[in-house]
S.K.: 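One structure is given below, represented as structure tokens, and several questions about it will come after.
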2 protein chains.
Amino acid sequence: MPPRRAQRNTLDRDRVLTSAMLLADRDGLDALTIRGLAAELGVRPMAIYHYVASKDELLDELVDLVFREVYVPCGQDWRTELFQRSTSMREALGRHPWALPVVDTRSHPGPAMLANHEAVLDVLRGSGFSLQATTHAYAVMDAYVYGFALQEVMLQKAGLPDSAPKGLEDITLARFPRISELATIYITAPVYPLLASFDIGLNLILDGIGRFTDLFPEPKETPDQ
Amino acid sequence: MPPRRAQRNTLDRDRVLTSAMLLADRDGLDALTIRGLAAELGVRPMAIYHYVASKDELLDELVDLVFREVYVPCGQDWRTELFQRSTSMREALGRHPWALPVVDTRSHPGPAMLANHEAVLDVLRGSGFSLQATTHAYAVMDAYVYGFALQEVMLQKAGLPDSAPKGLEDITLARFPRISELATIYITAPVYPLLASFDIGLNLILDGIGRFTDLFPEPKETPDQ
DNA sequence: ACAAAGTACGATACGCTGTACGAAACCAAA
DNA sequence: TTTGGTTTCGTACAGCGTATCGTACTTTGT
């Protein structure tokens, strides 16, 4: 864009990351290229590399920015704390649909993600959950939350795309009456129906997790020997 | 590779798809390039495009091949049927860790995926679940299964990679005692611990889903009016 | 005030990707 | 043998991340 050289201090790490996030939110993950981001910032591509070592690092930083939006649980009331943090997690991943695809291609957990996980574990252990109970509780709960967000992202993508009207050809749809039955529910629903499912499932899981304290009690201080 | 032209009918759609799957399983998703696949097949890159319209179509076909490995539920015993199909789904996604990242970038559900979903819905509706109960049950159960597989893929990726010993620097780990406590459990465990968590969580969810028949009963034939 | 050092930005280029286009080799039927 | 269809391939192009080096600017030391 600019034929002239950009002004001296137009860039800093925050501006790079914020613009990158905006670009991914607005135009999708594919639009987030170094060249495109540079254009967005009014700068030539290579300028970016003075603030980010590589695109991989940039993506790692971006997903951690997403996790920073998630509520960090605390205190003794594990039930409502974890409910809020799970809801918050789902909302954050919904606000940035590109995040989940990025996360599961990637291996490095960022500090915000680690801090959040630590907080969840701390709340559980601080509420009388044994180590074993905490392990199971955490795996089950987070699987549900991530998975639900993932399904929503997939459904969202299947909603818009190219050819098919509802994302499925009518001929194909006719072969799957149960699915089309369910699809019409989703389409004609007055309110977004998955939100109700999420709350129902989350409560179901939190109820189940609550029973873990009895199922997997703290090991006795001096075993029966 | 071959300086000479490849023999006439060395290729067909199945060989292309099978080799692509093998390549992704063995060397990872990044290694699955048209050129690399061509080399694997002993063929020049452009030959592939006579059997696949584009790489996108190839990937769509591949994920559907994965879903074809998943057990298709049937019959009235919804509890054990859905348990088996969920376990089978988790195993299939574990066998092909590249599949999940591909799925959630993609929008087109393939025929095998549709058929499997249809079967799940059919089992539920055939076991006395109302449409509403089925909707919630399906959303909750599949969220859990997908999410669990996703977590396993992430953990698996965090296990191997580059620098860090356990995937986390010791200094960083020291700031998160709960996480490191849990990490040592996972590392020193005699058997793979997440499998137990999966079964526990799945049973928990199936128990909860079973209550949906009472919570969301079939609407009365002639309402109270 | 002036030079030296350091910092922020950019031009060019390389190797990689998917793939459009059209030519070439092969096989089948006329 | 000729024709025509099918399969394989050579070439080329646009776009990607980014290594390398150069240029402009600011800051500092004297």
Side-chain angles (χ1 to χ4, degrees), chain A residues 1-21 23-24 26-63 98 101-102 105-108 161-162, chain B residues 1-21 23-24 26-63 98 101-102 105-108 161-162:
Chain A
M1 283 294 191
R4 298 274 296 102
R5 179 175 273 247
Q7 286 187 38
R8 185 69 178 190
N9 277 347
T10 44
L11 243 51
D12 60 68
R13 196 160 216 266
D14 256 24
R15 253 177 66 70
V16 170
L17 295 179
T18 311
S19 283
M21 187 138 189
L23 188 57
R26 175 160 45 82
D27 300 338
L29 189 59
D30 289 347
L32 177 54
T33 69
I34 296 292
R35 291 177 223 273
L37 179 57
E40 197 84 2
L41 290 162
V43 150
R44 301 307 166 84
M46 293 311 291
I48 292 176
Y49 285 95
H50 275 258
Y51 302 94
V52 189
S54 65
K55 192 182 179 181
D56 267 10
E57 189 194 290
L58 193 157
L59 289 175
D60 281 337
E61 218 70 46
L62 280 190
V63 306
W98 48 267
V102 172
T105 331
R106 213 140 296 276
S107 51
H108 282 72
D162 41 88
Chain B
M1 281 296 190
R4 300 275 296 102
R5 178 175 274 248
Q7 286 186 39
R8 183 71 177 187
N9 278 345
T10 44
L11 244 49
D12 59 69
R13 196 160 216 265
D14 255 24
R15 254 177 65 71
V16 170
L17 295 179
T18 312
S19 283
M21 186 139 190
L23 189 56
R26 175 159 46 81
D27 301 339
L29 189 58
D30 290 346
L32 178 54
T33 69
I34 297 292
R35 288 162 163 77
L37 179 57
E40 198 84 1
L41 289 162
V43 150
R44 300 307 166 85
M46 292 311 292
I48 292 175
Y49 285 95
H50 272 256
Y51 301 93
V52 190
S54 66
K55 193 181 178 182
D56 267 10
E57 189 194 290
L58 193 157
L59 289 175
D60 280 337
E61 219 70 47
L62 281 190
V63 307
W98 48 267
V102 172
T105 330
R106 213 140 296 274
S107 50
H108 281 74
D162 41 88

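The sequence lines fix the lettering, A, B, ..., with proteins before strands; numbering per chain opens at 1.
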S.K.: Under 4.0 Å between a side-chain N or O of A/T33 and OP1 or OP2 of D/dG15?
M.R.: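 No, because none of the side-chain N or O atoms of A/T33 sits under 4.0 Å from OP1 or OP2 of D/dG15.
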S.K.: At their closest point, which heavy atom of B/L41 faces which heavy atom of B/S19, and how far apart are they?
M.R.: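 Result for this residue pair: CD2-OG, 3.2 Å.
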S.K.: Between B/T10 and D/dT8, does any side-chain N or O lie under 4.0 Å from OP1 or OP2?
M.R.: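 Answer yes for this pair, as a side-chain N or O of B/T10 is under 4.0 Å from OP1 or OP2.
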S.K.: OP1 or OP2 of C/dA11 sitting under 4.0 Å from any side-chain N/O of A/R44?
M.R.: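 True: A/R44 side-chain N/O within range (under 4.0 Å) of C/dA11 OP1/OP2.
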S.K.: What's the NZ-P distance between A/K55 and D/dA19, to the nearest Å?
M.R.: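 Answer to the nearest Å: 14 Å.
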S.K.: For A/I34 and C/dC9, give me the distance from atom CD1 to atom C1', rounded to whole Å.
M.R.: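 Rounded to whole Å, this separation is 15 Å.
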S.K.: Does B/R15 use its side chain to pair, donor to acceptor, with the backbone of B/T10 at less than 3.5 Å?
M.R.: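 Looks like yes, one N/O pair under 3.5 Å.
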S.K.: Which is more 5' along DNA chain D, the nucleotide nearest B/Y51 or the one nearest A/Y49? Just name the residue.
M.R.: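 Mapping each residue to its closest nucleotide by heavy atoms, the 5'-most match is B/Y51.
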S.K.: Would you mind reading off the distance between A/L37 atom CG and D/dG17 atom C1', rounded to a whole angstrom?
M.R.: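 Result: 13 Å.
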S.K.: Between atom CG in A/L59 and atom P in D/dG17, what is the gap in whole Å?
M.R.: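 Rounded to the whole Å, the gap is 9 Å.
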S.K.: Tell me whether the count of non-hydrogen atoms from other residues, nucleotides or ligands lying under 6.0 Å of CD in A/E57 goes above 12.
M.R.: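 For A/E57, atom CD is crowded (more than 12 foreign heavy atoms under 6.0 Å).
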S.K.: Could you tell me, to 10°, how much the axis swings from one end of the helix from C/dA1-D/dT30 to C/dA23-D/dT8 to the other, five pairs per end?
M.R.: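 Inter-axis angle at the termini of the helix from C/dA1-D/dT30 to C/dA23-D/dT8: 10°.
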S.K.: Could you go through A/D60 and A/R106, starting from their C-alpha distance and side-chain angles, then the distance that decides it, and tell me whether this counts as side chain to side chain contact (heavy atoms under 4.5 Å, CB included)?
M.R.: CA-CA 8 Å; A/D60 281 337; A/R106 213 140 296 276; 2.6 Å; yes
S.K.: Which heavy atom of B/I48 sits nearest to which heavy atom of B/A38, and what is that distance?
M.R.: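 Closest pair (atom of B/I48, atom of B/A38, distance): CD1-N, 3.6 Å.
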S.K.: Run the salt-bridge test on A/E40 and A/R26 with the 4.0 Å N-O cut-off and return the result as yes or no.
M.R.: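 Result for this pair is yes, salt bridge flagged.
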S.K.: Verify, without hydrogens or angle tests, whether B/R13 (side chain) and B/Y51 (backbone) share a donor-acceptor contact under 3.5 angstrom.
M.R.: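 Between the backbone of B/Y51 and the side chain of B/R13 there is a qualifying donor-acceptor contact (under 3.5 Å).
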S.K.: To the nearest Å, give me how far apart CD1 (B/I48) and C1' (C/dG18) are.
M.R.: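 About 11 Å, once rounded to whole Å.
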S.K.: For the side chain of B/M46, starting at C-beta, report the closest nucleotide among D/dG17, D/dT8, C/dT19.
M.R.: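 Out of D/dG17, D/dT8, C/dT19, the nucleotide with an atom closest to B/M46's side chain is C/dT19.
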S.K.: Is there, by distance only and without an angle test, a donor paired with an acceptor across the side chain of A/R35 and the base of D/dG15 below 3.5 Å?
M.R.: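 For A/R35, whose side chain was compared with the base of D/dG15, there is no donor-acceptor pair (under 3.5 Å).
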S.K.: I need the CZ-C1' distance between B/R8 and C/dA24, as an integer number of Å.
M.R.: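 These atoms are roughly 11 Å apart.
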S.K.: Rounded to whole Å, how long is the line connecting atom CG of B/L32 with atom P of C/dC16?
M.R.: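 Whole-Å distance recorded here is 17 Å.
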S.K.: Taking atom P of C/dG22 as reference, at what distance in whole Å does atom NE2 of B/H50 sit?
M.R.: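 From B/H50 NE2 to C/dG22 P: 13 Å.
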